[in-house]
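A short write-up of the structure that comes next.
Order of appearance sets the numbers: ligands from 1, and atoms from 1 within every ligand. Computation of the quantities below employed the complete heavy-atom set of this structure, encompassing side-chain atoms and omitting hydrogens, waters and symmetry-equivalent molecules.
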Amino acid sequence: MKRKLVFFSGAGISAESGISTFRDSSGLWEHYNIEDVATPEAWNTNTDLVSDFYNQRRKQVIQSEPNSAHKLIATLENEFYVNVITQNIDDLHERAGSKNVLHLHGNIRLAKSSGPKQEEKFYPIDGWELTVNDKCTEGFRLRPHVVWFGEQVPALNDAAKIIQEADILVVIGTSLQVYPAAGLVHLAPDNCKCYVIDPNVDDFEIPSNFVNIKSKASDGMRELIKRILD
Ligand code: APR
């Protein structure tokens, strides 16, 4: 029976693909105010600015490639039953070959209706740009499938169940600053082996049972594989 290996990833895993993180120096939130581009209120008051913000990020994602950390996670599906729970809205895990990816904060390659009471129906976005003319089947403007600050995290319970059954949990490339997502790291079962991969791991709070791998994602994944395959 393959052991259950769960990755909980954040923006840091995509840093080596050239996609900026949020809270590192020169991170995204140093250049934009969250309330201007990542809240439902921002969408309602300045729709074109918000849509353009995500169009620019989608363009960067399309022009980026998965790095060796994404690829190593995908290859581990040969040895383990792997689930990836990501806070990232890029699709680099999928493009690296991971089969079981759960996006807690949405997927920038998909759009959904901005209308009221619209069921969770997603529309693939062809290319990088979502325009004012892109409408849902009910005629409402399409918005990025991104969970904005203040919105519910629909996949949270599914993510919790996955972590509660993990044999190995690996937290990689997240500052664990954003809840409720960050609270997931406390749900690993007692017999679960837990690791954290992050160059700044000494700077943040993580449960004491986690083994720290102070490294960027690509090197940290190579170190992790040595440990879990031994
Ligand atoms: N390899 C691994 N980790 C890295 C690398 C790297 N090359 N470079 C930076 N990091 C680490 C940083 O040390 C930091 O701990 O990645 C983490 C990035 O943290 P954040 O920028 O806060 O990103 P994240 O934790 O994913 O943010 C969570 O906040 O803004 C919201 O919805 C957004 O999903 C996002 C959430």
Please work out whether the ring planes of Trp29 and Phe53 are parallel, tilted or perpendicular, with thresholds of 30° and 60°. parallel
Count the heavy atoms belonging to other residues, nucleotides or ligands that lie under 6.0 Å from CG of Asn44, then report whether that count exceeds 12. yes
Between Glu16 and ligand 1, which part of the residue brings a heavy atom under 4.0 Å of the ligand: side chain, backbone, both or neither? side chain
Looking only at non-hydrogen atoms, the one of Gly12, Gly173, Ser175 nearest atom 6 (C) of ligand 1 is Gly12
Which one of Ser218, Ser14, Pro199 has a non-hydrogen atom at the shortest distance from atom 3 (N) of ligand 1? Pro199
Given Val153, Asp198, Val171, Val201, identify the one with the heavy atom nearest to atom 15 (O) of ligand 1. Asp198
Residue part near ligand 1, for Val178, under 4.0 Å between non-hydrogen atoms: side chain
Check each heavy atom of Phe149 against ligand 1 and say whether those closer than 4.0 Å belong to the side chain, the backbone, both or neither. side chain
Give me the residue, atom name and distance of the protein heavy atom closest to atom 1 (N) of ligand 1. Ala217 N, 2.8 Å
Ring of Trp148, cation from Arg143 - is the NZ or CZ under 6.0 Å from the centre and inside 45° of the axis? yes
Protein contact of atom 32 (O) of ligand 1 - nearest heavy atom, named by residue and atom, plus distance: His105 ND1, 3.3 Å
Nearest heavy-atom pair of Arg222 and Ser68: which atoms, and what distance? NH1-OG, 3.7 Å
